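Worksheet: one structure, shown below.
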Number of protein chains: 2
Amino acid sequence: MRVVAEQAEADAAGIAARQDTKEVILDSAERLFAEKSYASVSLRELTQAAGVNLAAVNYHFGSKDALLIAVFRRGALALNRERARMLREAEEKAGGGTPPLREIVSALVLPAIRYSFTSTRLALYNQFVAFARGDGPAEAREILDKDVGHLQRFALSLARALPHLPQQEVYWRLHFAMGVLHSLYTDMKRLESLSGGLCQLDDLEAVAVRVVDYVTAGLEAPFAGPLVQEKTA
Amino acid sequence: MRVVAEQAEADAAGIAARQDTKEVILDSAERLFAEKSYASVSLRELTQAAGVNLAAVNYHFGSKDALLIAVFRRGALALNRERARMLREAEEKAGGGTPPLREIVSALVLPAIRYSFTSTRLALYNQFVAFARGDGPAEAREILDKDVGHLQRFALSLARALPHLPQQEVYWRLHFAMGVLHSLYTDMKRLESLSGGLCQLDDLEAVAVRVVDYVTAGLEAPFAGPLVQEKTA
DNA sequence: GTCTATAATATGATAGAC
DNA sequence: GTCTATCATATTATAGAC
């Protein structure tokens, strides 16, 4: 794209030129789609923010819809890979047995939080997912619905760590945990406002501890069983 | 609109005709904006779904943006009113003292869940909020950010019920609770898929108990303090 | 691969008859 | 208040020069 010397170098080396442009577009798209929703971001705004030509999106991805799917795929792959790695490590450390609940929760939670701090790439991944579900083309929604394989692994691991809980309740509480994670990407402005600036997304470790504490406690909540308490009033 | 006899009747009675059309538009807008995002829903699609004329939106609301704000306002008012009512009742029942944590949580949680079951009007309110934040005009976003007054009441009530917790942590855990609620409107399809159909949003009471259990446990989670545990590995 | 110019279409909004 | 017709504009996508 911009640096012509490098371009010539890459071409000479037989490499598929600079794939830089593609990456830059993906980065901008992820951020803008997350911040402003897919439909509301025009290709003009997007390509201008990315510093590339208007036609580049269609050249590299084929269409705006295809770009949305590409940006989702990239984010999902990176996040799921890291989660799976941490879960595997915890299981190995447990010698084939069940890892402590806190470690399972950490494997689920920490990659999402870490990325939100360190990588521009995944900072807004979860927020993007919310929009993709409402906005995107059918294909993107299907991918999203099917993107449960890695969560299934966590469901199984959690079920082993919480043998007294019916499987159904494990699923519900895992689902709630995802909601807690979601809150880190979605409503931080409201939290900042609510707390008068006291609560901020600045200290990675501190936030991680809070989330793990909360989610672990929720998973360990006493389960009363299917009977609903009779009102005394 | 459609029923001419009623229209004439209302006109004869001196009432401002049928305000039905306005309501129908608000209902459709709330649902569609929530499902597909504000920007992706055209006025043509919206008015067709509502069964009203294309020009009706501009006539009754002035613009598409103004419609978004109107639909948000209506939902926020109804939900906050009900939450405040339940919290007040709990406080009165406690005779000026601090209500049990579970009751505070119920006041926060039950109205949102109940509406999601009973009222088409508010069924998708929370999901809509997520989109409004990314999508809407600046005015809508500001309203959203400032819409913390009623949450402030809950923060204070929770702080009294959890006197050992620093105020900052109360805010964080209230924020996480909102994330749990959010999960009921946002990713239910993923939960259904993940659980193989085992988990569904069908039984209001059962879901309410699950959410209250989870959120209460999270609020009651032990608080280790600002010190971060040293890794033993 | 990148860019300009433009085609084809969809959108929000409005004027004006009823 | 409702409807049809239409304007002005913005959008995605593409053709074709470089």
Side-chain angles (χ1 to χ4, degrees), chain A residues 1-26 28-29 32-33 36-71 135-137 140, chain B residues 1-26 28-29 32-33 36-71 135-137 140:
Chain A
M1 31 173 306
R2 271 156 302 200
V3 186
V4 186
E6 285 184 359
Q7 167 109 30
E9 215 172 57
D11 285 342
I15 302 170
R18 315 252 289 105
Q19 62 177 160
D20 216 11
T21 293
K22 229 174 155 171
E23 293 287 328
V24 172
I25 291 175
L26 282 171
S28 290
L32 288 174
F33 289 170
K36 315 180 57 173
S37 101
Y38 170 68
S40 74
V41 178
S42 70
L43 289 181
R44 282 167 177 75
E45 178 182 1
L46 174 59
T47 51
Q48 193 173 351
V52 303
N53 187 268
L54 169 61
V57 167
N58 277 282
Y59 177 80
H60 286 285
F61 297 94
S63 73
K64 192 191 177 189
D65 280 2
L67 169 62
L68 174 65
I69 292 168
V71 73
D135 241 1
Chain B
M1 32 174 305
R2 272 156 303 196
V3 187
V4 187
E6 285 184 0
Q7 168 107 29
E9 216 171 55
D11 284 342
I15 302 170
R18 317 249 290 105
Q19 64 178 156
D20 217 11
T21 293
K22 229 174 156 174
E23 293 286 327
V24 171
I25 291 174
L26 283 171
S28 290
L32 288 174
F33 289 170
K36 315 180 56 174
S37 102
Y38 171 69
S40 74
V41 178
S42 69
L43 288 182
R44 283 164 177 78
E45 177 183 0
L46 172 61
T47 51
Q48 192 172 353
V52 303
N53 187 267
L54 168 61
V57 167
N58 276 282
Y59 176 80
H60 285 285
F61 297 94
S63 72
K64 192 190 178 190
D65 280 2
L67 169 62
L68 174 65
I69 292 169
V71 72
D135 242 359

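The shown structure was predicted, so the numbers you read here are calculated from the model rather than taken from an experiment. Lettering of chains follows the sequences in order, A, B, ..., and the numbering in each one begins at 1.
Here B:Ser42 reaches the OP1 or OP2 of C:dT11: one of its side-chain N or O atoms lies under 4.0 Å away. Distances shown here put every side-chain N or O of A:Thr21 at or beyond 4.0 Å from the OP1 or OP2 atom of C:dG1.
Put simply, CG on A:Leu67 and CG on A:Leu26 are 6.0 Å apart, with the number rounded to the nearest 0.5 Å. B:Thr21 contributes atom OG1, which lies 5.0 Å from atom NE2 of B:His60 (distance to the nearest 0.5 angstrom).
The CG atom of B:Asn53 sits 5 Å away from the P atom of D:dC3 (whole-angstrom rounding). Spacing between atom CD1 of A:Ile25 and atom C1' of C:dT2 amounts to 11 Å, rounded to whole angstrom units. Distance CG (B:Leu67) to C1' (C:dA13): 14 Å, rounded to an integer number of Å. The interatomic distance linking A:Glu45 (CD) with D:dT9 (P) rounds to 20 Å, in whole Å. A straight line from CG of A:Leu46 to C1' of D:dT11 spans 13 Å, rounded to a whole angstrom. Protein atom CZ of B:Phe61 is 16 Å distant from nucleotide atom C1' of C:dA13, rounded to whole Å.
The two residues B:Ala66 and B:Phe61 have their closest heavy-atom pair at CB-O, 3.2 Å.
Side-chain N or O atoms of B:Lys64 include one that pairs as donor or acceptor with a backbone N or O of B:Tyr38 at under 3.5 Å.
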Taking only nitrogen or oxygen atoms into account, show me every contact under 3.5 Å that the protein makes with nucleotides 13-17 of chain D, one pair per line with its distance.
residue: D:dA13; atom: OP2; partner: A:Lys64; partner atom: N; Å: 2.8

Residues 43-57 of chain B, side-chain donor-acceptor partners within the protein, below 3.5 Å, at least two apart:
residue: B:Glu45; atom: OE2; partner: B:Lys36; partner atom: NZ; Å: 2.7
residue: B:Thr47; atom: OG1; partner: B:Leu43; partner atom: O; Å: 2.7
residue: B:Thr47; atom: OG1; partner: B:Arg44; partner atom: O; Å: 3.2
residue: B:Asn53; atom: OD1; partner: B:Ala55; partner atom: N; Å: 2.9

